[in-house]
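Counting starts at 1 for both ligands and their atoms, following the listed order.
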Amino acid sequence: PLKDEQQFDVIVVGSGAGALLAAIRASDEGLKTLVVEKTALVGGTSALSGGGIWIPDNHDMPKAGLRDSIEVAFGYVKACAQGLASDDRVLAYVETARHMARYLAQIGVPYRCMPHYSDYYPNVQGALPGGRTMDPLDFNAARLGLEGLALLRPTNPGQLIFGRMHINAFQARSMLARERKAKWMLMGIMARYFLDYPWRSKTRRDRRLTGGQALVGGLLAALRQRKIALWLDTPMESLTTDAGRVTGVVVRKDGQALRLQARKAVILGAGGFERNQAMREQYLPQPTNQAWTSTPPDANTGDTIRAGAAVGGKLHLMAHTWGVPTLDVPKEEKFRPLFVERSLPGCMVVNARGERFLNESGPYPEFQQAMYANHAKTGGAIPAWIVFDATFRANYPMGPLMPATAVPDSRLRKSWLGKVYWKGETLPELAAEIGVDAAGLVASAARMTEFARTGKDLEFDRGGNVFDRYYGDVNVKPNPNLAPIQKGPFYAIRLFPGDIGTKGGLLTDRDARVLDEAGKVIEGLYCVGNNSASVMGPAYPGAGSTLGPAMTFAYRAIAAIQGKP
Ligand code: FAD
């Protein structure tokens with residue numbers, strides 16, 4: 001017989017955003033809840049994300065003068081999902097996401113909408129030019145306390161200013177788009193950090209948490225407030241069943257296998273399989289490499305996807321990832337995603353022939369897919385190269401290279417040349433350095449320079465819609481995403497078809513219940529986040545399409561467990 005401390009109503013596996021929200025709501029429903037997390041830190045990829053959530057018809061849109069409707073949002077997601085997510089699930093998502101966002105505010109994690117952040121497919125019917133993506137309000141880490149903060153997985157250095165200060169999505173955009181107010185804002189951020197002696201004397205970590213740090217920091221504070229049991233360093237190994245019903249889990253705790261009972265439900269929220277090379281080779285397009293992902297190296301190896309499949313759970317969308325181009329910076333523990341810089345004017349992406357093959361400013365999942373498609377055709381797009389000239393280098397960041405006006409080449413780490421970035425006085429010189437066809441590269445740059453003059457990218461229509469333009473330079477005319485590529489020296493950085501997580505996993509119903517091959521519910525088993533097959537099918541309808549659903553289906557799962565419609 002199991003001891004009392006091995007018995008719970010709900011066991012939540014993993015500590016990403018979906019998992020934590022499930023635990024908090026379960027506790028608010030009076031359920032005895034346990035969270036088991038494999039690593040020593042809380043938050044998984046969620047903690048180092050942008051924290052954005054995609055919430056149609058959210059409560060903040062009217063304040064920004066925006067209107068939305070469930071019907072329109074449903075039509076948009078349905079079109080994006082291309083038949084690979086059931087209407088029932090899509091509808092459950094678009095109907096419930098806004099309620100989940102209100103609940104987040106109630107538990108101390110408020111969000112606001114981003115009025116100008118466009119959905120990712122502006123040309124699909126039902127897309128909006130802004131408002132559905134929400135960004136968490138800044139969170140004061142003092143609410144977590146130093147002890148709590150020590151449990152929160154820190155963000156990537158690349159997302160911090162000077163490796164220290166947090167910055168929210170509004171500020172990041174303002175700086176990248178070189179808005180006039182950006183300089184003052186940056187000084188404000190630095191002054192606030194450096195003048196905060198009381199806090200800085202205790203820790204180097206910024207008190208002001210933003211993005212995924214604010215999200216998971218806020219959820220962790222809510223978890224601790226409710227005194228919900230949280231066991232770190234406790235991987236789940238398998239599920240236990242009784243007559244087809246999931247009854248609990250086996251975890252490894254202090255080196256021992258330990259059986260735990262879940263009287264009402266096990267909720268799997270333990271991420272995807274992006275760190276599992278064997279699973280990548282089994283399911284994803286080739287070539288593939290676990291090193292290319294931007295998620296924590298010690299976290300998501302698909303353990304709970306396999307455990308769910310072992311009790312009969314159906315797998316779906318296993319060939320898909322939340323794709324993004326990534327790059328390698330030596331000594332950083334994971335590859336950096338390149339979300340934004342590729343959109344700024346004066347750069348282009350080429351294959352080994354020196355040919356462009358995509359819209360550099362388009363949605364990042366499509367970028368990754370285009371790399372695979374072109375590689376299949378030419379054998380030269382993995383890796384691909386992002387090439388930019390001296391004018392770009394002077395004005396904008398690119399991966400770890402800060403603008404040369406702030407950090408000139410002479411102050412870049414010597415070891416980065418030929419590892420992080422490549423350089424040539426002329427385009428043919430650069431082409432020789434990176435093994436790309438020189439004539440092709442010169443011709444592509446000449447075409448880009450001409451497109452910049454006319455404002456029209458005749459090859460891939462870069463800057464042709466509101467999404468592309470969001471991360472353009474507002475000062476560059478006629479097209480904020482296009483500038484000449486003509487002034488030496490020239491630079492290149494190597495890009496891989498990376499990801500910020502996989503999107504295939506256990507297939508669930510509208511309440512996050514895991515389904516078997518026959519489409520029947522496996523009693524007692526729920527699944528959220530990248531552990532489950534995405535409700536978005538193969539697409540990425542807008543920023544926040546992974547965290548929004550993770551938490552929304554967690555919210556619905558608890559309602560379903562409690563028998564609430
Ligand atoms: P995770 O957050 O990775 O959590 C999974 C947890 O489960 C981990 O802590 C892991 O250690 C644990 N675990 C794994 N195996 C076990 C086991 N056997 N037992 C117990 N625990 C286990 N998405 C958005 O929607 N909006 C954004 O703004 C956004 N920005 C991003 C920015 C960056 C830089 C990156 C890298 C990603 C971003 N993403 C964003 C993607 C998003 O972060 C992930 O898709 C999301 O966090 C996945 O959540 P999850 O809960 O499924 O997994």
Inset, instruction - Give the C-alpha distance, both sets of side-chain angles, the deciding distance and a yes or no for side-chain contact (heavy atoms from CB on, under 4.5 Å) between Arg132 and Asp119. - result: CA-CA 7 Å; Arg132 286 174 176 158; Asp119 290 341; 2.7 Å; yes

Legend entry - Check against ring pair (Phe, Tyr, Trp, His ring centres under 6.0 Å), Tyr283 and Phe273: CA-CA 10 Å; Tyr283 295 111; Phe273 62 90; 5.8 Å; yes

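Each of the atoms 52 (O) of ligand 1 lies under 4.0 Å from some heavy atom of Gly529. Taking a cut-off of under 4.0 Å to the non-hydrogen atoms of Gly544, the atoms of ligand 1 that pass are 24 (C), 25 (O), 26 (N). Within ligand 1, the atoms closer than 4.0 Å to a non-hydrogen atom of Val36 are 20 (C), 21 (N), numbered from 1 in the order shown. Distances below 4.0 Å separate heavy atoms of Val13 from the following atoms of ligand 1: 19 (N), 20 (C). With ligand atoms numbered from 1 in the order given, ligand 1 contributes 44 (C), 45 (O), 48 (C), 52 (O) to contacts under 4.0 Å with heavy atoms of Asn530. Atom numbering of ligand 1 starts at 1 in the shown order; those under 4.0 Å from a heavy atom of Thr39 are 11 (O). In summary, the atoms of ligand 1 found under 4.0 Å from a heavy atom of Asp303, numbered by their order in the structure, are 15 (N), 16 (C), 17 (C), 18 (N). Using a 4.0 Å cut-off to heavy atoms of Gly43, the atoms of ligand 1 that qualify are 2 (O).
Shown are Lys503, Gln369, Gln368; of these, the side chain to side chain donor-acceptor pair (under 3.5 Å) with Thr321 is made only by Gln368. Between Asp499 and the choices Gln290, Arg280, His320, the side chain to side chain donor-acceptor pair (under 3.5 Å) rule is met once, by Arg280.
Atom 25 (O) of ligand 1 has as its closest protein heavy atom Leu547 N, 2.8 Å. With hydrogens left out, the protein atom closest to atom 51 (O) of ligand 1 is Gly16 CA, 3.5 Å, a heavy atom. When hydrogens are left out, the protein atom nearest atom 14 (C) of ligand 1 is Ala270 O, 3.2 Å; that is the closest non-hydrogen contact. For atom 38 (C) of ligand 1, the closest heavy atom belonging to the protein is Ser49 CB, 3.5 Å. The protein heavy atom nearest to atom 19 (N) of ligand 1 is Met236 N, 2.9 Å. Ranking protein heavy atoms by distance to atom 26 (N) of ligand 1, first place goes to Gly52 O, 2.9 Å. Of the protein's heavy atoms, Glu37 OE1, 3.2 Å lies nearest to atom 12 (C) of ligand 1. Looking at atom 23 (N) of ligand 1, its nearest protein heavy atom turns out to be Thr546 OG1, 2.9 Å.
For atom 49 (O) of ligand 1, the nearest non-hydrogen atom from the set Pro296, Gly501, Ser46 comes from Ser46. Summarising the contacts of atom 10 (C) of ligand 1 with Leu268, Asn300, Leu41, the nearest heavy atom is found in Asn300. For the residues Ile500, Asp499, Asn531, the heavy atom positioned nearest atom 36 (C) of ligand 1 is part of Ile500.
In this structure, Arg89 forms a cation-pi arrangement with Phe553, its terminal cationic atom sitting closer than 6.0 Å to the ring centre and no more than 45° off the ring axis. Taking the ring centre of Tyr471 as origin, the terminal cationic atom of Arg173 falls outside the region bounded by 6.0 Å and 45° from the ring axis. At least one test fails for Arg513 against the ring of Tyr526: distance under 6.0 Å to the centre or angle within 45° of the axis.
With rounding to the nearest 0.5 Å, the separation of CG in Asp138 from CG in Asp206 is 9.5 Å. Summarising the geometry, atom CZ belonging to Phe339 is positioned 5.0 Å from atom OH belonging to Tyr364; distances are rounded to the nearest 0.5 Å. Separating the OH atom in Tyr396 from the SG atom in Cys347 is a distance of 9.5 Å, to the nearest 0.5 Å.
Remark: side-chain polar atoms of Tyr76 are paired, donor with acceptor, to backbone N or O of Pro541 under 3.5 angstrom. In this structure a side-chain-to-backbone donor-acceptor pair under 3.5 Å is present from Asp509 to Ala512.
Taking distance alone, with nitrogen or oxygen atoms compared against 3.5 Å, Val528 stays at or beyond that limit from ligand 1. Not one N or O of Thr234 is nearer than 3.5 Å to an N or O of ligand 1, by distance alone. Considering backbone and side-chain N/O of Asn156, none are found under 3.5 Å from N/O of ligand 1. Residue contacts with ligand 1: Gly50 is placed with a nitrogen or oxygen under 3.5 Å of a nitrogen or oxygen of the ligand (distance criterion only). Among the atoms of Asp298, none of the N or O lies under 3.5 angstrom from an N or O of ligand 1.
A heavy-atom separation below 4.0 Å is found between Pro235 and ligand 1. At least one heavy atom of Gln159 sits closer than 4.0 Å to an atom of ligand 1. At least one heavy atom of Phe339 sits less than 4.0 Å from an atom of ligand 1. Distances shorter than 4.0 angstrom occur between a heavy atom of Ser545 and an atom of ligand 1.
Contact check on Arg153 versus Asp298 returns a salt bridge, with a Lys/Arg side-chain nitrogen under 4.0 Å from an Asp/Glu carboxylate oxygen. Ion pair Asp28/Arg226 flagged as a salt bridge, since at least one NZ, NE, NH1 or NH2 atom sits closer than 4.0 Å to an Asp/Glu carboxylate oxygen. Under 4.0 Å is where a charged nitrogen must lie from a carboxylate oxygen, and between Glu360 and Arg342 no such pair does.
Between Leu151 and Arg224, the closest side-chain pair of non-hydrogen atoms falls below 4.5 Å.
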